[in-house]
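Below you'll find the structure, written out as structure tokens, and then a few comments.
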Number of protein chains: 2
Amino acid sequence: MAIKSIPVVRDVLEESNARAAENRELFDRNGLFVVNIMSSPGAGKTTLLEKTIPALTARGLRSAVIEGDITSTLDSARLAPLEIPIVQANTEPFGGDCHIGSHLVQAALKHLDLSALDYLFIENIGNLVCPAEFYLGEDRKVVVLSLPEGEEKPLKYPLMFRESHLCLISKMDLAPHLDVDPAKFEENICTINGRIRVLKVSAKSGGGMGEWLEWLLRRGE
Amino acid sequence: MAIKSIPVVRDVLEESNARAAENRELFDRNGLFVVNIMSSPGAGKTTLLEKTIPALTARGLRSAVIEGDITSTLDSARLAPLEIPIVQANTEPFGGDCHIGSHLVQAALKHLDLSALDYLFIENIGNLVCPAEFYLGEDRKVVVLSLPEGEEKPLKYPLMFRESHLCLISKMDLAPHLDVDPAKFEENICTINGRIRVLKVSAKSGGGMGEWLEWLLRRGE
């Protein structure tokens, strides 16, 4: 007797990873270095890109941004003066998702000429929880943790820090005005993830931005 | 022919609302005023409670806190010196949920003597997206938006501001050190929700804390 074929419903994560693998293949084919930037709302992801991309452009390196938001095109508008390709990826039509999914990246890639790019930045939705769960096909995950958020965040939101390759402690210029100890941030980050690289930056003052640029130029090494 | 009975699987939100209604009934029976406090990570929810609860205690009003976190008991430890009942509600055993669910509040309530309380604060998980979707049985939803997060957050995360009764713009003491316009915060909040109450506070300097306390004493009127 023939074994009856059993339908398999694949789980959401498996579907998500399949799309991510397709994205990865496209990135590899085009020699792209892709960074998935994640953080709480308002930690400074867009400001970081505003300051970083011109430095890459000045070196003849071509960037594009997939700008993730639930709704609005506010961040894309802020990056428009950079005159680079930007695709706004809004999750609202997909149910207001709290993270960027690999299917949305895949849809966004159709609007980009990948062969004409060196760097692709995916600015994820401001959320220190959910985006950490999803692989998009990127080379590196970067978490931005701003000084005003407080030193204990890595201990309270461990997955994000466990999954990330690099943590940028941002808004270092505010240190004199806050009751926080930047060294304690670093200690807590490393408690959660012993292999993560940590850089202290201020997009406003420019402090630490050189090391971040170096990290990008070495493609995350 | 008899109509075959059709099984109905109720959706997650319906289950969630049923638990919330049960919580509500308990709150009503005990005359409790319940505030669900939500924000991005590090906007200052715990600090707000550290400063608010002693002011209520000084007026003979009895508070308790349900402290929501994915993992850790760090915030509960911070509130321990207040010598009030605190229940730590961690979502990690429930799959690391990015918000507090009504079932978790229900479980937490079993550890509290509600008849001995006037105020119950539910400190939600730091997340400006998902917690806005879930009614827990509370009287009022309060969103805390800190000045360093930036003025455009209400436009980018509209549901949270649409659902909340009160918005506290926090960390006002940092205003001189940031390139932000507090009036613009208020304008954007009111664009999203014309009926929301907005108060500017600094738990650090104490500025605006009197108005917040008044709002609590009037039970959100």
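Residue numbers start from 1 in every chain, and the chains themselves are labelled A, B, ... in the order their sequence lines are given, proteins ahead of strands. This one's a predicted model, so the numbers in the text were calculated from it and none came from an experiment.
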**Complete:** Note: Tyr157(A) and Gly126(B) closest approach over all heavy atoms is OH-N, 2.9 Å
**Message:** Between Asn127(A) and Cys98(B), is there a side-chain heavy-atom distance shorter than 4.5 Å?
**Reply:** no
**Fill in**
If one checks every heavy atom of Cys130(B) against chain A at 4.5 Å, the contacting part turns out to be side chain
**Item:** Non-hydrogen side-chain atoms of Ile125(A) and Lys156(B) separated by less than 4.5 Å
**Value:** no
**Message:** What I'd like to find out is whether the side chain of Leu155(A) reaches to under 4.5 Å of the side chain of Thr71(B), using heavy atoms alone.
**Reply:** no
**Request:** Look only at the side chain of Lys171(B) and the backbone of Pro148(A), and say whether a donor-acceptor pair between them is shorter than 3.5 Å.
**Result:** yes
**Asked** Is it the backbone or the side chain of Leu147(B) that comes under 4.5 Å from a heavy atom of chain A, or both, or neither?
**Response** neither
**Prompt:** Tell me, do His177(B) and Leu174(A) make a side-chain contact under 4.5 Å, heavy atoms counted?
**Reply:** yes
**Request:** Measure the spacing between CG of Leu159(B) and CD of Glu92(A) and express it to the nearest 0.5 Å.
**Result:** 9.5 Å
**Request:** Below 4.5 Å from any heavy atom of chain A, which atoms of Lys153(B) appear? Answer side chain, backbone, both or neither.
**Result:** side chain
**Closest-packed option against chain B by number of heavy-atom pairs under 4.5 Å, given Pro158(A), Gly44(A), Pro41(A), Ser39(A)** = Pro41(A)
**Message:** Are the side chains of Val129(A) and His99(B) in contact, using a 4.5 Å heavy-atom criterion?
**Reply:** no
**Asked** What distance separates Glu152(A) CD from Ser72(B) OG, expressed to the nearest 0.5 Å?
**Response** 8.0 Å
